[in-house]
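Read the structure below first, then the notes.
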Amino acid sequence: GDHLASERKKANFDVDEMKIVWAGSRHAFEISDRIARLVASDLAFRKDNRTMLSRKELFKNTLRKAAYAWKRIIELRLTEEEASKLRFYVDEPAFTDLHWGMFVPAIKGQGTEEQQQKWLPLAYKMQIIGCYAQTELGHGSNVQGLETTATFDPQTDEFIINSPTLTSSKWWPGGLGKVSTHAVVYARLITDGQDHGVHGFIVQLRSLDDHLPLEGITIGDIGMKFGNGAYNTMDNGVLRFDNVRIPRNQMLMRVSRVTREGKYVHSNVPRQLVYGTMVFVRQTIVSDASCALSRAVCIATRYSAVRRQFGSQKGGVETQVIDYKTQQSRLFPLLASAYAFRFVGEWLKWLYTDVTERLQANDFSTLPEAHACTAGLKSLTTSATADAIEECRKLCGGHGYLCSSGLPELFAVYVPACTYEGDNIVLLLQVARFLMKT
Amino acid sequence: VSQLGSDKKPVGTTAYFLRVEHLMQCSSIAQKAEDWLKPSVILEAFEARAVRMSVACAQRLSKFANPEEGFLELSADLVEAAVAHCQLIVVSKFIEKLQQNIPGKGVKKQLEILCNIYALFLLHKHLGDFLSTGVISSKQASIANDQLRSLYSQVRPNAIALVDAFNYTDHFLGSVLGRYDGNVYPKLYEEAWKDPLNDSVVPDGFHEYIRPMLKQ
């Protein structure tokens, strides 16, 4: 039976209506509800054994699931919205996250029309699998400090991609280690002896025949990460280039380009365009934070209602832990935060469309503020959520430490959010810089 | 608190309650940044904060007919008073340690800096307590924070030596990032290749699951 039935009877609001508010709209709720059930009812998506598999088994299982999910998406003719919801409920970091979440948006954001027409269809049909190779062993948040070079060779009309030092090795990109066939690689553009800073290039990494790395390319997995299961379903990789040549037209040239003669030309599309993608990525991170937080809070709240401890008079029924003020003072602010992050995430969706529309109209007036605001919200919500998941583990007492509680894996999967896409402290300094300027 | 004024004297770490009258009404003498380096100034601030928070809880508690009920209702505030008391214990024991003879050139000086960092860091983090109980003013809080920043600069040249003092072997620490010789990046790179996934360049499962996707 429903041990929490009496709890549910106490509620004095309409839960079904609250579900709509949480989902954002009736439409969003219906899709989410339907896809959640679809995934939950399909054994192929079972995920309760992840912590028991060896890394090799775990990774192979992830490839199986990714391929199966893709097959289901095609069979069921799911829309893009439904497909992304399906990936959300499969709930397993995999190469597909970076292919759809970073590789495709990068080409959309920085590729010319021709480049989009050439690469996007291949990506959409998954005839190539792409990742986003920016971070290096020696450089993360400071993108301008990247060391990988792309030197233009006017003789052959090619760029030579090179990793001059060990610290210039690409390190961390998800999907890079074992699966991706291509990558958007960020490197210092050098032409006629001039260094024009970091730009993006589409580089093929592996042969489409035998999947072996191409000449001059060294690829591997960077090794186990925090937690058993968790992000070890993802092949975060290391990548080194030994003077690998790519055609000039594989430089993403929407913002700036290099001519046949090797002249660097800034197109009239301003560099701020890149910020549009950044606002998009941060907006997804903020809404991810509200989801991860709500999962932890859901587990801790329900268990706090089930768990009884002390408080009984003369051997009667012990008090429900959720009735203790100390429990409430720790748990309820986290419940409130889940909703708070949800709504600021919704507002960020609006902000993203607003910024994009303004960029189209060449209006950059709100860009610095939008950039600072999204940097700060990404930092605030991810730090708070990581701490909150750990707090929820403690709120569940010793049982919170069991993998079967779901909290250790949720924590292990979530905490990288505090450092990826910009270290949270560095992001707050960007906000402070903007505040001081203001 | 309920025993204050009776013949049952507070003992051990609660001995500062003996000076409850002074601690309930004193305010910090800190005028200059250097004042926040004085153990007596730090100790008094922490003691006053702890006493005032305990007494405030006790007063509110006394309004409940059923003390047990009151304790439950006020438990979140009681936890904060407990934290204030325990932080005072740690700060006071650190200060006591420094009053002993500590041999070694510059050793005591470094420990004094760390003691002050620990105390002023806590003061800044729990500033709400110190201000709401009236123990210090916002001006005093601001100069305390300036002092804390300067203490960080004094630790900076000694930071590596201070953690060397833990005397951990690389084996025991088990960390490429924290290895003694700082040769991190080459070792991170080396470690990566030991992962079972790197046994083969083309991973298990690629042909079975991914190749069909690429070729469909």
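Note that these values count all heavy atoms, side chains included, but never hydrogens, waters or copies made by symmetry. Letters A, B, ... are given to chains in the order of the sequence lines, protein chains preceding strands, and every chain is numbered from 1.
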Closest-packed option against chain B by number of heavy-atom pairs under 4.5 Å, given [options]:
| options | answer |
| --- | --- |
| A:Lys178, A:Gln127, A:Lys60 | A:Lys178 |
| A:Lys125, A:Met126, A:Arg64 | A:Arg64 |
| A:Ser54, A:Pro213, A:Gly223 | A:Gly223 |
| A:Leu63, A:Thr181, A:Leu212 | A:Leu63 |
| A:Thr319, A:Asp323, A:Asp209, A:Val179 | A:Asp209 |
| A:Ile129, A:Ile222, A:Leu122, A:Leu137 | A:Leu137 |

Inset, instruction - For salt bridge (Lys or Arg N to Asp or Glu O under 4.0 Å), just list the numbers for A:Lys56 and B:Asp199, CA-CA rounded to whole Å, side-chain angles, deciding distance to a tenth of an Å, and then say yes or no. - result: CA-CA 10 Å; A:Lys56 263 191 173 172; B:Asp199 292 352; 3.1 Å; yes
Please flag which part of [X] lies under 4.5 Å from any non-hydrogen atom of chain B: side chain, backbone, both or neither.
| X | result |
| --- | --- |
| A:Arg330 | neither |
| A:Ile128 | backbone |
| A:Ile219 | backbone |
| A:Asp210 | backbone |
| A:Leu166 | side chain |
| A:Tyr68 | neither |
| A:Thr165 | neither |
| A:Thr326 | both |
| A:Thr62 | neither |

Looking only at heavy atoms, what is the nearest atom pair of [X] and [Y], with distance?
| X | Y | answer |
| --- | --- | --- |
| A:Ala67 | B:Met213 | CA-SD, 3.8 Å |
| B:Lys215 | A:Leu208 | NZ-O, 2.9 Å |
| A:Trp171 | B:Leu188 | CH2-O, 3.5 Å |

Part of [X] lying under 4.5 Å from any heavy atom of chain A:
| X | result |
| --- | --- |
| B:Ile210 | side chain |
| B:Val79 | side chain |
| B:Lys194 | neither |
| B:Glu73 | both |
| B:Pro186 | both |

Legend entry - Within-4.5 Å side-chain heavy-atom neighbours: B:Val201 and A:Arg206: yes
Legend entry - Non-hydrogen side-chain atoms of B:Leu74 and A:Lys325 separated by less than 4.5 Å: no
Legend entry - Partner chain A: residue of B:Pro203, B:Gly205, B:Ala76 with the largest heavy-atom pair count (under 4.5 Å): B:Pro203
Legend entry - Flag, side chain of B:Asn198 to backbone of A:Gly220, donor-acceptor distance under 3.5 Å: no
Inset, instruction - Using the six-membered ring of B:Tyr189, assess whether NZ or CZ of A:Arg240 lies under 6.0 Å from its centre and within 45 degrees of the ring axis. - result: yes
